[in-house]
Amino acid sequence: MAAVAEGLEPEAAATEDDAQDAVDAVGAVDAEPGDPPLLVGSRLSLDLYPGGCQRLRHLCARQSPQLLEVQFMQLSSHEDPRLLETTLAQVPCSLRHLRSLVLRGGQQRDVLGACLRGSLTTLPAGLSGLTHLAHLDLSFNSLETLPGCIPQMHGLSTLLLSHNHLSELPEALGALPALTFLYVTHNCLRTLPKALGALSTLQCLDLSQNLLDTLPPEIGGLSSLTELNLASNRLQSLPASLAGLRSLRLLVLHSNLLTSVPTSLAHLPLLTRLDLRDNQLRDVPPELLDAPFVRLRGNPLGEAPPALPSPPGTPTIPEMPRLFLNSDLDSFLVTPQGCSVTLACGVRLQFPAGATATPVSIRYRLRLPEPRLVPLGPHDSLLSHVLELQPHGVAFQQEVGLWLLFVPPRARRCREVVVRTLNDDSWSDLETHLEEETPKRLWAHCQVPHFSWFLVVSRPVSNACLVPPEGTLLYSSGHPGVKVTFPPGATDEPRQVYMQVVRVASGELRALLEEPGAAASPLLCLSQSGPPSFLQPVTVQLPLPPGVTGLSLDRSCLHLLYRTPPEATWDDITTQVALELTHLYARFRVTHFSWSVPPHPRSLGPSPQDSRPGRTHAQPRRYWLWYTAKTRVEGLARKAWERLRLHRVSLIALQRRRDPEQVLLQCLPLSKVDATLRRLLERYRGPEPSDTVEMFEGEKFFAAFEKGIDVDADRPDCVQGRVCFVFYSHLKNVKEVYVTTTLDRQAQAVRGQVGQVGREPQAAWAEARTLSPTSSHPQVSFYRGAVPEDVPEEAEAARHRKGTDSPWMATLPIKLPRLRGSKAPGQGQGTSLSLAPLNLGDAETGFLTQSNLLNVAGRLGPDWPAVALHLGMPYRELQRIRHEFR
């Protein structure tokens with residue numbers, strides 16, 4: 001062991017002293033109350049912080065008598081493989097009464113947010129000496145074969161092997177007489193051992209997301225099996241022996257290649273659900289067709305069978321398989337045969353035959369939108385989350401069809417929906433067709449030549465043309481009066497020109513200028529590729545502002561405004577051009593789209609809607625025709641342009657009625673506030689929405705809890721206790737968090753990071769329910785921008801400086817519960833919410849029995865199984881309760 005320790009990596013060796021200090025601190029009586037103990041009762045949690053192997057080695061070296069009481073141990077497999085194997089070899093001698101061993105990977109993520117597998121490839125043979133071990137979790141690791149010690153663990157009842165690289169299971173697996181739960185999902189299994197049928201006590205078997213094409217007949221010998229999941233494999237038929245599974249309640253077979261199913265499945269006496277979706281079934285037995293528990297969506301039922309067999313020697317073309325995936329973090333294999341894939345998020349992919357010459361493994365992930373992944377122009381709106389398809393840049397021999405679900409845009413006039421993608425560090429918009437399944441369920445369909453990032457945006461209608469030396473005409477399809485005429489000789493080589501036109505509401509302009517007769521034309525955006533200047537003057541035509549004609553207007557009130565990025569100012573160029581007026585239009589000639597402001601050398605490149613791969617563009621130049629009596633309109637134009645891009649919203653903070661420590665934060669457009677509150681107030685209560693706030697699409701903001709309140713969880717979107725948001729007008733800007741007081745954290749209440757509980761559950765919960773005296777008026781405030789490095793706990797100065805330049809937007813009160821019958825200082829009877837303490841049992845009747853666990857499950861929400869496990873409930877008992885009351 002010393003030789004191995006000397007050969008450790010420098011970083012691992014450097015942390016050895018720190019690990020020793022941490023272990024000593026854990027065993028100390030006067031440890032800090034905020035430090036989560038690693039050894040609590042019969043539970044040893046070594047996966048909370050790095051260096052778990054070093055900590056376990058030091059505990060074993062000290063021969064602490066508490067180790068003999070440990071029954072549950074968690075250890076991360078993101079460790080050095082040699083150190084991990086050496087450490088696990090000491091477990092049988094030091095933890096003789098171990099009942100549950102969790103050696104999971106997946107706690108770390110790569111730069112794209114995908115879970116990383118652990119380094120575990122085998123187990124020491126000595127682990128077979130853990131005679132009391134009943135639960136073994138090796139998920140998210142790098143196992144290629146099953147460790148030889150596992151079939152010798154005769155007391156094992158639960159074996160979790162998901163997300164590994166297993167290609168087969170050994171015949172020796174049938175020697176586990178007590179095995180009840182076996183999960184081997186997301187592996188590479190091609191066959192199953194015949195000895196699998198000897199597992200007479202097996203109740204749940206999950207083999208989904210593998211490469212199985214057949215099942216052994218011996219599988220019918222699993223007499224106690226209640227759940228069997230074989231989804232997303234390559235099964236073409238089922239053995240008749242499945243009729244022997246008389247205890248089966250759930251049978252999942254979706255996303256396979258089944259062409260027939262045995263009639264005997266309809267006669268299984270306890271079967272409550274049979275999932276046959278997305279197979280190749282053209283006909284099913286009548287007993288199954290009419291059964292209410294059978295799901296058949298996605299099958300070619302009733303369709304004509306394939307054509308008659310071709311003459312001998314003629315190659316047959318197999319039917320394209322269809323896959324239905326049920327995981328948001330998943331992958332699938334595409335062969336030269338092609339396939340049709342439906343992802344769990346609703347995205348559809350169509351790979352035509354011949355799209356790939358060799359099998360390609362495709363990975364996907366649906367990511368929450370954030371500014372670095374969402375390139376939006378000034379007038380764009382995001383309509384979907386961000387879909388990532390990997391491997392990036394892979395080229396297909398035929399284009400792949402992609403269907404993305406999106407939120408229908410509220411404004412559709414003179415706007416269009418496109419799919420935006422990244423190609424060679426340049427964002428481009430693909431030719432997109434819309435398909436409507438229902439009025440509220442729309443698809444954006446496009447053909448993609450490569451894989452990268454994809455999202456759906458709404459943008460002003462974009463028109464483009466290739467300007468040849470012979471000249472051409474470019475006009476707006478949404479505003480036919482907007483035209484750009486290129487005469488012959490304007491360019492000596494073809495160049496691409498892009499146009500967008502943005503509608504302007506005259507009412508908002510009149511309110512801003514406080515002038516009843518003020519008006520403005522549509523806003524024209526122009527950009528081009530190639531040289532910045534034209535060889536011949538180009539004629540630009542804009543319609544006169546509404547209500548103004550060329551026969552009656554006052555030319556001194558007509559202003560042609562111009563803006564070029566990255567400057568934020570508008571320039572009045574009326575005197576620099578010769579305006580030609582007709583009854584309805586104004587025309588002027590230019591030799592370049594740039595005027596007084598040259599392109600900035602540090603500009604960020606073209607706007608997303610004007611980017612095309614393989615081209616270099618100048619940033620769009622904007623023209624705007626105003627009619628107003630004001631003389632200095634440049635500053636007013638800047639405000640009006642910002643107003644075009646602002647959304648009026650309200651902020652809300654609601655608390656769940658059954659558990660007020662659960663707080664819902666949301667940013668809502670004004671048009672949705674009333675309807676949303678009516679829907680939520682059955683389950684939530686809280687103050688009125690905030691005053692109207694104006695926000696840009698894609699603007700960052702954050703919520704800060706004050707007056708002693710903090711977020712009681714380690715969330716990726718939480719920085720220093722502040723919850724981060726990005727506003728998108730068509731998406732749900734909502735997050736739900738648990739909050740806690742300073743006293744709660746000292747008491748280590750059962751909430752958030754439940755694995756860090758270190759006190760008696762009922763006493764800790766009761767103490768945490770008492771409000772701190774400093775929290776008499778808790779509140780949450782919303783601020784613009786990203787979380788700064790130093791945020792004051794109370795930003796009173798910012799609140800008094802309310803305005804467009806103020807970071808503060810709103811402050812809403814929060815009420816936290818207290819024990820029934822208790823009073824906080826200075827509070828009268830009934831002035832705050834009350835919530836009874838959770839009934840977690842007692843020493844006489846037992847903690848967390850089935851009765852009181854079901855009683856508190858509604859209060860704890862989806863976290864109740866984790867709470868039960870961390871408080872010592874056996875995994876097998878928890879699974880029984882969960883299954884019986886599902």
Side-chain angles (χ1 to χ4, degrees), residues 647-695 699-713 715 717-729 731-742 744 751-752 769 771-772 774-787 791-796 798-799 802 806-818 824 831-835 859 861:
H647 299 269
R648 305 181 69 193
V649 301
S650 284
L651 302 160
I652 63 173
L654 304 178
Q655 295 172 266
R656 190 177 287 272
R657 292 181 180 272
R658 298 179 62 185
D659 192 352
E661 289 184 344
Q662 191 173 355
V663 181
L664 181 143
L665 305 173
Q666 190 168 7
C667 177
L668 285 168
L670 285 184
S671 59
K672 292 188 174 182
V673 172
D674 292 339
T676 302
L677 288 180
R678 283 196 299 268
R679 186 179 71 253
L680 292 177
L681 287 181
E682 294 182 0
R683 293 171 292 143
Y684 296 85
R685 70 175 73 189
E688 291 294 322
S690 70
D691 294 337
T692 301
V693 178
E694 293 182 335
M695 302 188 72
E699 182 177 354
K700 291 183 178 181
F701 66 101
F702 65 91
F705 290 90
E706 300 169 358
K707 301 284 188 179
I709 304 301
D710 197 2
V711 179
D712 192 13
R715 299 167 55 104
D717 57 359
C718 185
V719 180
Q720 299 179 358
R722 278 116 183 134
V723 184
C724 304
F725 290 81
V726 181
F727 171 73
Y728 294 107
S729 57
L731 303 184
K732 293 183 178 180
N733 306 284
V734 57
K735 294 182 181 180
E736 199 157 11
V737 299
Y738 281 103
V739 296
T740 178
T741 65
T742 305
D744 289 336
R751 180 68 78 207
R769 287 295 182 181
L771 281 177
S772 170
T774 61
S775 305
S776 56
H777 300 288
Q779 58 195 22
V780 57
S781 295
F782 295 87
Y783 300 89
R784 297 184 187 274
V787 179
V791 181
E793 202 165 307
E794 299 179 17
E796 295 292 347
R799 297 184 189 127
K802 183 178 181 180
S806 171
W808 174 79
M809 293 188 294
T811 296
L812 299 171
I814 297 293
K815 291 184 178 180
L816 289 184
R818 56 185 174 83
T831 58
S832 67
L833 300 173
S834 61
L835 192 67
R859 287 266 298 279

Q | Partner residues of K735 under the salt bridge (charged side-chain N to carboxylate O under 4.0 Å, His left out) criterion, sequence neighbours left out | A | D717
Q | Residues forming a side-chain contact (heavy atoms from CB on, under 4.5 Å) with P813, sequence neighbours excluded | A | P687
(Q) Minimum heavy-atom separation for A653 and L812, please, with both atom names. (A) N-CD1, 3.6 Å
Q: Would you give the length of the straight line joining atom CD of Q666 to atom CG of N733, rounded to the nearest 0.5 angstrom?
A: 7.5 Å
Q. Between E706 and S781, does a side chain to side chain contact (heavy atoms under 4.5 Å, CB included) hold up when you go through it step by step?
A. CA-CA 8 Å; E706 300 169 358; S781 295; 3.5 Å; yes
Q.
Rounded at 0.5 Å granularity, tell me how far CZ in R657 sits from CZ in R685.
A. 5.0 Å
Q | Approximate separation, where rounding is to 0.5 Å, of L665 CG and F782 CZ | A | 4.5 Å
Q: Starting at CG of L664, measure out to CZ of R656 and round the result to the nearest 0.5 Å.
A: 8.5 Å
Q.
Checking I814 against Q779 for the side chain to side chain contact (heavy atoms under 4.5 Å, CB included) test, could you report, in this order, the C-alpha distance in whole Å, the side-chain angles of both residues, the deciding distance, and whether it holds?
A. CA-CA 5 Å; I814 297 293; Q779 58 195 22; 5.5 Å; no
Q. What do the steps show when you test V663 against V780 for side chain to side chain contact (heavy atoms under 4.5 Å, CB included), and what is the final call?
A. CA-CA 10 Å; V663 181; V780 57; 5.8 Å; no
Q: Return the set of residues passing ring pair (Phe, Tyr, Trp, His ring centres under 6.0 Å) with Y684 (not counting sequence neighbours), or none when no residue passes.
A: none
(Q) I need the E661 CD to K815 NZ distance, nearest 0.5 Å. (A) 15.5 Å
Q: Apply side-chain contact (heavy atoms from CB on, under 4.5 Å) to R648 and list each qualifying residue two or more places apart in sequence or on a separate chain.
A: L670, T692, E694
Q: Quick one: list whatever passes ring pair (Phe, Tyr, Trp, His ring centres under 6.0 Å) with F701, sequence neighbours left out.
A: F725
Q. Which pair of non-hydrogen atoms, one from V787 and one from R722, has the smallest distance, and what is that distance?
A. CG2-CB, 4.0 Å
Q) Between CZ of R683 and CG of L654, what distance do you get to the nearest 0.5 Å? A) 10.0 Å
Q: Would you name the heavy atoms of G785 and F702 that are closest together and state the gap between them?
A: O-CD2, 3.3 Å
Q. Sequence neighbours excluded, which residues qualify as side-chain contact (heavy atoms from CB on, under 4.5 Å) partners of E699?
A. M695, F696, R784
